[in-house]
Amino acid sequence: MSRTGARQFFDAILDDGSFRSWDGPPLTVAVTDAYRAELADATLRTGLDESVLTGEGTVSGRRVAVLACEFDFLAGSIGVAAAERITASVQRATALGLPLIASPSSGGTRMQEGTVAFLQMVKIAAAVELHKKAHLPYLVYLRHPTTGGVFASWGSLGHLTAAEPGALIGFLGPRVYEHLYGEPFPEGVQTAEHLFAHGVIDSVVPLDKLRGVVDRVLTVVTDPPDPVICARKSAASAENRAQITDNPAWDSVEASRRADRPGVDYLLAHGATDRVLLSGTGRGESGTTLLALARFGGQPAVVVGQRRVIGGLVGPRALREARRGMALAAGLQLPLVLVIDTAGPALSQQAEEDGLAGEIALCLAELVTLDTPTVSVLLGQGSGGPALAMVPADRVLAAQHGWLAPLPPEGASAIVYRDVDHAPELAAAQGVRSLDLLKAGIVDVIVPENPDAADDPVGFTERMSAAIAAELHALHTVPAAQRLGVRLQRYRRIGVPGS
């Protein structure tokens, strides 16, 4: 496939005429006549003085830092001079408080400089990590081809990572593999599409669509929250509370299991704006969790949602996706919205061997201590450990027919009565329905369904979105230390008599 140049990348994402170079003359590192001749030839052919271009520009008027490899300059390889240029640009972006958009296209380490060049990836990775620790966005767009140490360092550290369609992306270059092992690398593995399917990268985006994606990301990540429109009433209003009917718990269980009930995908599509979908754990895994950046009523958030697919069962990979969302919210200092809708844990040998219990524990521990505002939404089924793992937020909303229980009622019936016939009785006795959860202090707000979300998906979604927006807006004004203290005290006191 044809290769996209660094200047072409800048032109695609930046406002016209806004690019300003940060590059000075590169360091002189060549020690042999042959290497000096290669550098001179590369300069003559490309008009560039190194394999990396850096600078700043604007995206819809927002100031951003950018850096990109030029593959036509010695295969975009990174030696000391290129690494110094990259590191300096990352540090400058950090000092200026700018989002950084990086686009590798490289064969990796510059072989002409040997091991010294190999070690340059350390300082680049360090600079990128410090940029992220300053809670500044780091976005990566992988261009064809990206391999070797570049992919294994700053190419794989993005808060969000996209790639151009058909791009060759991998750690080991296929030509190197073939020469080392005497056979071609398996076809189709080192492609953008394959890595996206396996949760290594977040999306595959054509260059002509990239600017729109970057604009939406920056809208969520960098633009301030909008004031909640006063006309959009919170679901906590007296009007909404009056609409909550005192139905049996089993009615809610059955309603939550309707196949046509709106799930997290519907909520995001019809109740949020500026949506940017992410994918997987970033570590070669993908489960059933929805990850996204979005705004509810002008309030930015990272969204982590359980999808009611494959029976709604949640395994370790889905929980690791949820933990990625938590880490992303903390890293970008964005509020986190968690949507609970699961029939329970995936109970299998594979789930046990993959650490299901440990992942539930880590989700619980990380969420309840997370240093950012959190809102949990009990959208439907809330069964077992995977539901509990996403509950302990600053504020908890529940759809009228949302419910929460240690096991599905049938499971509780099997334990107590050795049959499933007593499931309705157990659902009532255990206090699983939203009204009971509200009384117990587990839920803060119930969003009415009038009478069932499946029969009124648009109206229900509007009410839920408004409720989420109102809670995010309220949390935005609470000092971080106070917010965390209140959260920890809340879960310390649940169920304690007299609290």
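The structure displayed is predicted, hence computed values, not measured ones.
Looking only at distances, a side-chain donor or acceptor of T477 sits under 3.5 Å from a matching main-chain atom of A474. Between the side chain of S203 and the main chain of V205, no donor-acceptor pair closer than 3.5 Å is present. Side chain of E366 to backbone of M326: no donor-acceptor contact under 3.5 angstrom is found. Checked by atom type and distance alone, the side chain of R216 pairs as donor or acceptor with a backbone atom of R275 at under 3.5 Å. Side-chain atoms of K439 never come within 3.5 Å of backbone atoms of S434 as a donor-acceptor pair (strictly under, hydrogens ignored). In terms of modelled atom types and a separation under 3.5 Å, the side chain of R143 and the main chain of S103 share a donor-acceptor contact. Within the 3.5 Å criterion, the main-chain N or O of G271 finds a donor-acceptor partner in the side chain of S465.
The closest side-chain heavy-atom distance from V128 to Q91 is not below 4.5 Å. Residues P99 and V64 are in side-chain contact: their nearest non-hydrogen atoms beyond the backbone lie under 4.5 Å apart. Considering only heavy atoms from C-beta on, P373 comes within 4.5 Å of R483 through its side chain. The shortest side-chain heavy-atom distance between F460 and L267 does not fall under the 4.5 Å cut-off.
When all heavy atoms of T288 and L313 are compared, the pair lying nearest together is OG1-O, 4.1 Å. A pairwise comparison of heavy atoms in C363 and R323 identifies SG-CG, 3.5 Å as the closest pair. The two atoms that bring S106 and V150 nearest to each other are OG-CG2, 3.4 Å, heavy atoms only. Of all heavy-atom pairs spanning Y141 and P104, the tightest one is O-CD, 3.5 Å. Taking all atoms of both residues into account, the shortest heavy-atom contact from G305 to V264 is CA-CG2, 3.9 Å. Nearest approach of D202 to L160, heavy atoms of both residues: OD2-CA, 3.3 Å.
Considering R317, R320, Q349 as possible partners of D354, the one that fulfils the side-chain hydrogen bond (donor to acceptor under 3.5 Å, both in side chains) test is R320. With respect to L218, the side-chain contact (heavy atoms from CB on, under 4.5 Å) criterion is satisfied by exactly one of D274, L293, V213, V59: V59.
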Working note: D394 + R490, criterion salt bridge (Lys or Arg N to Asp or Glu O under 4.0 Å); need CA distance, chi angles, decisive distance, verdict. CA-CA 9 Å; D394 295 309; R490 169 184 184 162; over 6 Å; no

Check the pair T94, H131 against side chain to side chain donor-acceptor pair (under 3.5 Å), reporting the backbone distance first and the verdict last. CA-CA 5 Å; T94 306; H131 183 82; 2.8 Å; yes

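Taken from CZ in R261 to NE2 in H401, the straight-line distance is 7.0 Å, to the nearest 0.5 Å. With rounding to the nearest 0.5 Å, the separation of CD1 in I169 from CG in L142 is 4.5 Å. Between E449 atom CD and S252 atom OG the span is 7.5 Å, to the nearest 0.5 Å.
For F171, the CZ atom is loosely surrounded, since the number of other residues' heavy atoms within 6.0 Å does not exceed 12. H476 NE2: 12 or fewer foreign heavy atoms inside a 6.0 Å radius. Around CD of Q333, the count of heavy atoms belonging to other residues, nucleotides or ligands within 6.0 Å exceeds 12.
Of the charged side-chain nitrogens involved, at least one lies within less than 4.0 Å of a carboxylate oxygen, so that R62 and D223 count as a salt-bridged pair. With salt bridges taken as basic N to acidic carboxylate O contacts below 4.0 Å, none links K123 and E129. Using a cut-off of 4.0 Å between Lys/Arg side-chain N and Asp/Glu carboxylate O, R463 and D456 are scored as salt-bridged. Salt bridge annotation for R307-D265: present, with a cationic side-chain nitrogen under 4.0 angstrom from a carboxylate oxygen. One finds no salt bridge joining D341 and R257 here, because no Lys/Arg side-chain nitrogen approaches an Asp/Glu carboxylate oxygen to under 4.0 Å.
Among residue pairs with one or both ends in residues 420-447, those qualifying as ring-ring contact (aromatic ring centres under 6.0 Å, His included) are Y417-H422; sequence neighbours excluded.
At a cut-off of 3.5 Å, with distance as the only test, a side-chain donor of D419 or S413 sits close to an acceptor on the other residue.
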